[in-house]
Number of protein chains: 2
Amino acid sequence: MTRTGTAREKILAAAIKLVRAKGFTATTVDDLCVEAGVTKGAFFHHFASKEALGAAAAEHWSKMTAAFFAEAPYHQVADPLGRLFAYIQFRRDILRGELAEFTCLAGTMVQEVYAAHPVIGAACNASISDHAATLAPDIAAAMCERGLDPDGSTTGWSAESLALHTQAVLQGAFILAKAKGGPTIAEESVEHLSRYIRLLFTVAEPSRSAP
Amino acid sequence: MTRTGTAREKILAAAIKLVRAKGFTATTVDDLCVEAGVTKGAFFHHFASKEALGAAAAEHWSKMTAAFFAEAPYHQVADPLGRLFAYIQFRRDILRGELAEFTCLAGTMVQEVYAAHPVIGAACNASISDHAATLAPDIAAAMCERGLDPDGSTTGWSAESLALHTQAVLQGAFILAKAKGGPTIAEESVEHLSRYIRLLFTVAEPSRSAP
DNA sequence: ATTTCAATACCAACCAGTTGGTATGTTTGT
DNA sequence: ACAAACATACCAACTGGTTGGTATTGAAAT
């Protein structure tokens with residue numbers, strides 16, 4: 001496939017940049033072509049429609065973030081629960097710089113398109129759910145270590161639901177950051193999340209008090 | 001001013017309905033006029049621009065929700081902390097029916113327009129922040145009852161930050177609901193929030209264990 | 001090694017429909 | 001009479017998408 005993918009990837013990169021800043025609908029095909037430095041012909045050669053580009057961008061985003069988090073330092077923590085806290089701390093550390101840089105493409109897009117473009121919505125859901133799924137095993141392991149059922153029969157909450165809650169807090173934090181014009185409140189919200197999980201596992205094992 | 005406001009309010013109602021379902025950018029002025037049953041002339045008589053309509057819609061939303069929550073039954077609970085839990089339970093009970101019915105206009109809009117339309121963004125921020133501000137006094141009172149400083153000097157978190165975190169969880173829950181196509185996960189996330197606050201205040205007053 | 005061939009990648013110009021917005025009315029209440 | 005509330009008709013700019021075409025490729029045929 002030669003050097004193919006050049007234009008395609010430039011368009012995808014442009015989509016991630018522009019959609020995060022302006023939203024999907026407000027980002028026009030021409031905007032994307034200018035940002036990517038390609039012509040409209042090239043755009044519609046690689047993507048059947050703007051909707052298809054949206055779905056492809058969500059998938060690309062999913063792969064990019066998966067690789068980004070797979071290489072993140074929090075994986076070096078041996079203890080599952082410690083790794084979870086390191087993950088949250090890592091997410092908090094990212095909340096710096098411009099809003100459009102730490103914000104989630106999938107969360108931004110799905111709000112706009114969930115009704116009008118179910119295809120894009122599904123891709124966004126996959127991105128968020130797949131990322132949450134990378135946290136569930138550590139949560140489940142931490143629960144098991146403390147004699148809790150990961151399916152929630154002893155606690156009322158499952159490892160999966162806590163993993164998704166983690167993402168809900170982050171997505172909500174992004175909204176507040178956009179509303180307030182800065183990441184400060186987002187950081188505080190992530191700190192609340194960290195405190196919640198600490199309490200959750202501190203109560204579960206009262207023999208070891210909080211450090 | 002006679003029966004004035006008829007068209008204006010019909011347009012605002014249309015905006016709240018359509019923007020929640022389709023987003024701000026994807027909702028056209030013509031869409032709004034058709035939904036409201038008015039002509040374009042009437043639209044631009046009442047609103048200087050689509051942007052002005054967006055800001056007015058956010059303000060209208062803020063007033064509507066303020067009135068809605070002011071009359072909600074959770075205010076009948078005497079205890080401040082109990083009232084907070086009743087509020088969260090109330091928010092959870094609302095998560096029924098169609099997505100566009102329980103979703104927050106301000107949170108939906110601010111994601112799209114925070115960069116391109118700061119005027120609308122500011123109105124959305126006011127809506128969210130003002131609503132959070134109605135919770136802070138109860139949280140502060142509950143903290144004081146337990147000897148905690150509402151500014152966070154004893155706990156590391158302030159009443160205001162917890163109030164905003166509450167909204168972050170709700171906003172994030174809405175995103176997950178849209179992504180997953182149903183409110184189930186949103187409910188679970190709100191339950192996590194409730195559990196967090198219970199733990200927060202249970203630990204603070206260990207003499208009274210959870211009910 | 002060169003030619004052939006089909007596929008892929010890409011481009012400039014164009015199109016029909018839609019966009020937010022306006023100019024110019026007409027109606028209605030006081 | 002007068003102003004506010006609304007309606008009709010219209011527009012320039014832009015929208016996503018298409019057209020017909022060229023440039024570049026890799027593999028097969030010669």
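Letters A, B, ... are given to chains in the order of the sequence lines, protein chains preceding strands, and every chain is numbered from 1.
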In residues 108-118 of chain A, which ones come under 4.0 Å of DNA chain C, going by heavy atoms? none
Just to confirm, is there a sub-4.0 Å distance from OP1 or OP2 of C:dA9 to any side-chain nitrogen or oxygen of A:H46? no
With sequence neighbours left out, what residues match A:R83 under side chain to side chain donor-acceptor pair (under 3.5 Å)? A:D138
For atom CG of A:L32 and atom P of C:dC10, their distance in whole Å: 16 Å
Side chain to side chain donor-acceptor pair (under 3.5 Å) pairs touching residues 151-168 of chain B, sequence neighbours excluded, are A:S189-B:H165, A:H192-B:S161, B:Y87-B:Q167, B:D149-B:S153
Working note: B:F68 + B:F90, criterion ring-ring contact (aromatic ring centres under 6.0 Å, His included); need CA distance, chi angles, decisive distance, verdict. CA-CA 12 Å; B:F68 174 72; B:F90 182 66; 5.8 Å; yes
Measure from CZ on A:R8 to P on C:dA9 and round the result to the nearest Å. 10 Å
Distance-only criterion, 3.5 Å: show the donor-acceptor pairs between side-chain atoms of residues 93-100 of chain B and protein atoms not counting sequence neighbours.
from: B:D93; atom 1: OD1; to: B:Q89; atom 2: NE2; distance (Å): 3.1
from: B:R96; atom 1: NH2; to: B:E187; atom 2: OE1; distance (Å): 3.3

Whole-Å distance separating the CZ atom of A:F47 from the P atom of C:dC10: 11 Å
Do the rings of B:Y196 and A:Y196 sit parallel, tilted or perpendicular, given the 30° and 60° boundaries? perpendicular
Is the NZ or CZ atom of B:K50 both under 6.0 Å from the centre of the six-membered ring of B:F24 and within 45° of that ring's axis? yes
Polar atom pairs between nucleotides 16-20 of chain C and protein, under 3.5 Å, N or O only, would you list them?
from: C:dG20; atom 1: OP1; to: B:K50; atom 2: NZ; distance (Å): 3.2
from: C:dG20; atom 1: OP2; to: B:V29; atom 2: N; distance (Å): 2.9
from: C:dG20; atom 1: N7; to: B:K40; atom 2: NZ; distance (Å): 2.9
from: C:dG20; atom 1: O6; to: B:K40; atom 2: NZ; distance (Å): 3.2

Nearest-Å distance, CZ (A:F43) to C1' (D:dG16)? 9 Å
Think A:H45 has a side-chain N or O under 4.0 angstrom from the OP1 or OP2 of C:dA9? yes
Pair listing, side chain to side chain donor-acceptor pair (under 3.5 Å) test, anchored in residues 51-63 of chain A, at least two apart: A:E51-A:H117
Answer yes or no: is there a donor N or O on one side and an acceptor on the other, between the side chain of B:T134 and the main chain of B:H131, under 3.5 Å? yes
